[in-house]
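One is the number of the first residue; the rest follow in order along the sequence.
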Amino acid sequence: MSTTNSASFPRRQLIAFVIFAALGVSVVQIVFYQMPNPELDARRYIDYALNIYDHQVFGLSGESRDSVPQPSNANSPLYPAFLALAMYFDDGLRDSLICTMKQGLNAPAICPRDYSTITWAQLGLIVVAMAVLWTAAFWLFNRISIAWLSCLLTFATTKPMFFANNFLTEILIVVFFPVLLLSVIGASRSGAKRWWLGAGVTIGLLTLTRPEYLYLAYSITSIGIVVALLTKNPRFGISALLLISSFSVVIAPWSIRNHQQFSSFAVTGGYGDIIIAYRSAYNRMTFQEWAAAFVFWLPGHGEALAKQWLPASSYTRLGTDPKSYIYVEGKEIFDNGLAAVGGTRADLMSYLIKTEILAHPLKHVATSIPLAWRGVLAGKYLAVVGLPCFVVLM
């Protein structure tokens, strides 16, 4: 691996790439994509966004949009705020989304689909993300060809275009994560403290998009301090403190708001108990289902292959329909756990960890294997090659 200095950075090639990326994204969008009607999580983020725009309140209303909602902290605020900003520039987007929320499943036939503003804004974010990724790859290898190839392979996963055409938080992750990579690479190349400040800001933005990135800030800071103590080199500790300081500045306004409203500085009010219940449901898989999961969860063709090759009993509960593990056993685990702790949500997560995970560690580890396989394949089949390449690179 080699590095390069700023004087030799190929700015013209980067500009050429940005132009190429913008044209390519635009053509692919026009020819192959259309923003689908929002469902499931997308409707939740739209609900938040409409209430930010209409009432300046971060909360959920559902189909009833006339009253001011109660404040909420169940999710991170950044993507709904981004949607609300798009509505500020386009009343037609707001009208379309209000109709969608009111009409529910009838929305595709009844409501206008004036989504162009948010669609093209999210496509713009994809171009920005690609430019940052191009720069990061060039800094790592000092090879323009590798920079281009990295971005082309990323685009070939289809995930950037998928998230650009949905009302989901991942579109912001697609942008911020390459920025975080660039910050870490910049810090490694130059040793300049500003890069660690930038990394902290970026992790803060990631956390305000998806709360799990809070743990990344804690992990990097802890590693930096431990390395500083072991090597007796204060540089690592200073870098870690710079990161956590800038991170804290970014999330502080939201944390203070949550403390005022809910008496807690936590980024979200917590839905970890629900997630653990859903995850623990898969611990009840039979061996036949465990083996079938590696086929059923293949992207694109997995369900068809499972239906062709495997007995129905081995995969029917692995999907996302109302009879699946996630909805039947997941709900059962949640409800039984809540009853066991006397209805106290604050005690539910620790109870589920003890009874569903720590009490069955081997089962939990075993079922984590196909679930990890499923997670890797979120990037489709290129991820099968990408994962070992990542291990070699590290």
For this session: State whether E289 and R284 are salt-bridged, where the test is any N-O pair (Lys NZ or Arg NE/NH1/NH2 against Asp/Glu carboxylate O) under 4.0 Å.
Result: no
Problem set entry | Ring centres under 6.0 angstrom apart (F138, F9) | yes
Problem set entry | Matching residue for I223 among V227, V226, I220 - test: side chain to side chain contact (heavy atoms under 4.5 Å, CB included) | V227
Problem set entry | Exercise: identify the closest heavy-atom pair between W254 and S72 | CH2-O, 4.3 Å
Exercise. For the atom pair CG (L352) and CG (L338), what is the distance rounded to the nearest 0.5 Å?
Worked result: 9.0 Å
Exercise. Which atom names give the shortest non-hydrogen contact between P80 and A49, and what distance separates them?
Worked result: O-CB, 3.3 Å
Problem set entry | L125 CG to I173 CD1 distance, which is reported to the nearest 0.5 Å | 12.0 Å
Problem set entry | Joint hydrophobic cluster, I244 plus L229, side-chain heavy atoms closer than 4.5 Å | no
Exercise. Does the separation of the ring centres of Y315 and W309 fall below 6.0 angstrom?
Worked result: no
Problem set entry | Donor-acceptor pair between S264 and N258 side chains, under 3.5 angstrom | no
Problem set entry | Heavy-atom donor-acceptor pair, E329 side chain to A281 backbone, under 3.5 Å | no
Exercise. T157 side chain to T154 main-chain N or O, any donor-acceptor pair under 3.5 Å?
Worked result: yes
Exercise. More than 12 non-hydrogen atoms from neighbouring residues, nucleotides or ligands closer than 6.0 Å to NZ on K193, yes or no?
Worked result: yes
Exercise. Quick one: does F247's side chain get under 4.5 Å of T207's, heavy atoms only?
Worked result: yes
Exercise. So, do L318 and S324 sit near enough that their side-chain heavy atoms are less than 4.5 Å apart?
Worked result: no
Exercise. So, does Q260 use its side chain to make a donor-acceptor pair with the main chain of S255 at under 3.5 Å?
Worked result: no
Problem set entry | Interatomic spacing from OG in S246 to CD1 in I251 - rounded to 0.5 Å | 10.5 Å
Exercise. Are V250 and L205 close enough that some pair of their side-chain heavy atoms sits under 4.5 Å apart?
Worked result: yes
Exercise. F162 ring centre to K159 NZ or CZ under 6.0 Å, with the angle to the axis within 45°?
Worked result: yes
Problem set entry | Atom of L133, atom of P178 and distance for their closest heavy-atom approach | N-CB, 4.3 Å
For this session: Quick one: do F58 and N51 satisfy side-chain contact (heavy atoms from CB on, under 4.5 Å)? Show the steps, please.
Result: CA-CA 6 Å; F58 187 82; N51 286 322; over 6 Å; no
Problem set entry | Verdict with reasoning, Q29 to N165, per side-chain hydrogen bond (donor to acceptor under 3.5 Å, both in side chains) | CA-CA 9 Å; Q29 175 66 35; N165 282 274; 2.8 Å; yes
Problem set entry | Test side chain to side chain contact (heavy atoms under 4.5 Å, CB included) applied to A339 - qualifying residues, sequence neighbours left out | none
Problem set entry | Ring centres under 6.0 angstrom apart (W195, W139) | yes
For this session: Return each pair, listed once, that meets salt bridge (charged side-chain N to carboxylate O under 4.0 Å, His left out) where at least one residue sits in residues 143-153; pairs must be two or more places apart or across chains.
Result: none
Exercise. Would Y88 and R94 satisfy side-chain contact (heavy atoms from CB on, under 4.5 Å), going step by step from the backbone distance to the final call?
Worked result: CA-CA 8 Å; Y88 178 82; R94 175 182 174 273; over 6 Å; no
For this session: Could you tell me whether the side chain of M130 reaches within less than 4.5 Å of the side chain of P160, counting heavy atoms only?
Result: yes
Exercise. Can I19 be reached from V28 by stepping across I, L, V, M, F, W or Y side chains whose heavy atoms are under 4.5 Å apart?
Worked result: no
Exercise. Are L362 and W290 joined in one hydrophobic group, where the rule is that I, L, V, M, F, W and Y side chains link up if heavy atoms are under 4.5 Å apart?
Worked result: no
Exercise. Between the main-chain N or O of L168 and the side-chain N or O of N166, is there a donor-acceptor pair closer than 3.5 Å?
Worked result: no
Exercise. Do R279 and I357 come close enough that some side-chain heavy atom pair is under 4.5 Å?
Worked result: no
Exercise. Around H301, counting heavy atoms of other residues, nucleotides and ligands shown, do more than 12 lie under 6.0 Å from its NE2?
Worked result: no
Problem set entry | Full working for side-chain contact (heavy atoms from CB on, under 4.5 Å) between T221 and Y218 | CA-CA 5 Å; T221 302; Y218 293 161; 5.9 Å; no
For this session: Determine whether L310 and F296 fall in the same hydrophobic cluster, where Ile, Leu, Val, Met, Phe, Trp and Tyr are linked whenever their side-chain heavy atoms lie under 4.5 Å apart.
Result: yes
Exercise. What pair of heavy atoms forms the shortest contact from N37 to R113, and how long is it?
Worked result: OD1-NH1, 3.4 Å
For this session: Heavy atoms only: give me the nearest W134-P10 pair and the separation to one decimal.
Result: CH2-CG, 3.7 Å
Exercise. Is there a donor-acceptor contact under 3.5 Å linking the side chains of H364 and N283?
Worked result: yes
Seminar exercise, completed: So OG1 of T320 and OH of Y327: to nearest 0.5 Å the spacing works out to 6.0 Å
Exercise. Between Y79 and F167, does the ring centre distance come in under 6.0 Å?
Worked result: no
For this session: Please confirm whether the backbone N or O of F294 pairs with a side-chain atom of W373, one donor and one acceptor, at under 3.5 Å?
Result: yes
Problem set entry | Nearest heavy atoms of Y48 and G59, plus distance in Å | CD2-O, 3.5 Å
Exercise. Does a sphere of radius 6.0 Å around CE in M285 hold more than 12 heavy atoms from other residues, nucleotides or ligands, not counting ones at 6.0 Å or beyond?
Worked result: yes
Exercise. When you measure from the side chain of K331 to the backbone N and O of Y325, does any donor-acceptor pair fall under 3.5 Å?
Worked result: no
For this session: Apply side chain to side chain contact (heavy atoms under 4.5 Å, CB included) to L85 and list each qualifying residue two or more places apart in sequence or on a separate chain.
Result: F89
For this session: Please lay out, stage by stage, how F262 and R257 fare under the test side-chain contact (heavy atoms from CB on, under 4.5 Å).
Result: CA-CA 8 Å; F262 309 104; R257 174 262 188 191; 3.7 Å; yes
For this session: Taking the side chain as every heavy atom from C-beta outward, state whether L50 and Y53 have any atom pair closer than 4.5 Å.
Result: no
For this session: Step by step, work out the side-chain hydrogen bond (donor to acceptor under 3.5 Å, both in side chains) result for T268 and N73.
Result: CA-CA 5 Å; T268 60; N73 66 341; over 6 Å; no
For this session: Find the distance between CE (M101) and CG (D47) and round it off to the nearest 0.5 Å.
Result: 4.0 Å
Exercise. Are F20 and W120 linked, directly or through other ILVMFWY residues, by side chains that come within less than 4.5 angstrom of each other?
Worked result: yes
Exercise. Can you find a pair of side-chain heavy atoms, one from N75 and one from Y45, that are under 4.5 Å apart?
Worked result: yes
For this session: Any chance you could measure I333, atom CD1, to E356, atom CD, to the nearest 0.5 Å?
Result: 4.5 Å
Exercise. Is there a donor-acceptor pair under 3.5 Å between the side chain of R44 and the backbone N or O of E39?
Worked result: no
Problem set entry | Verdict with supporting geometry, S96 and D114, side-chain hydrogen bond (donor to acceptor under 3.5 Å, both in side chains) | CA-CA 6 Å; S96 297; D114 188 3; 5.0 Å; no
Problem set entry | Working for side-chain hydrogen bond (donor to acceptor under 3.5 Å, both in side chains), residues D273 and Y278 | CA-CA 9 Å; D273 47 11; Y278 287 168; over 6 Å; no
Exercise. Taking side chain as C-beta onward, heavy atoms only, is R210 less than 4.5 Å from L172?
Worked result: no
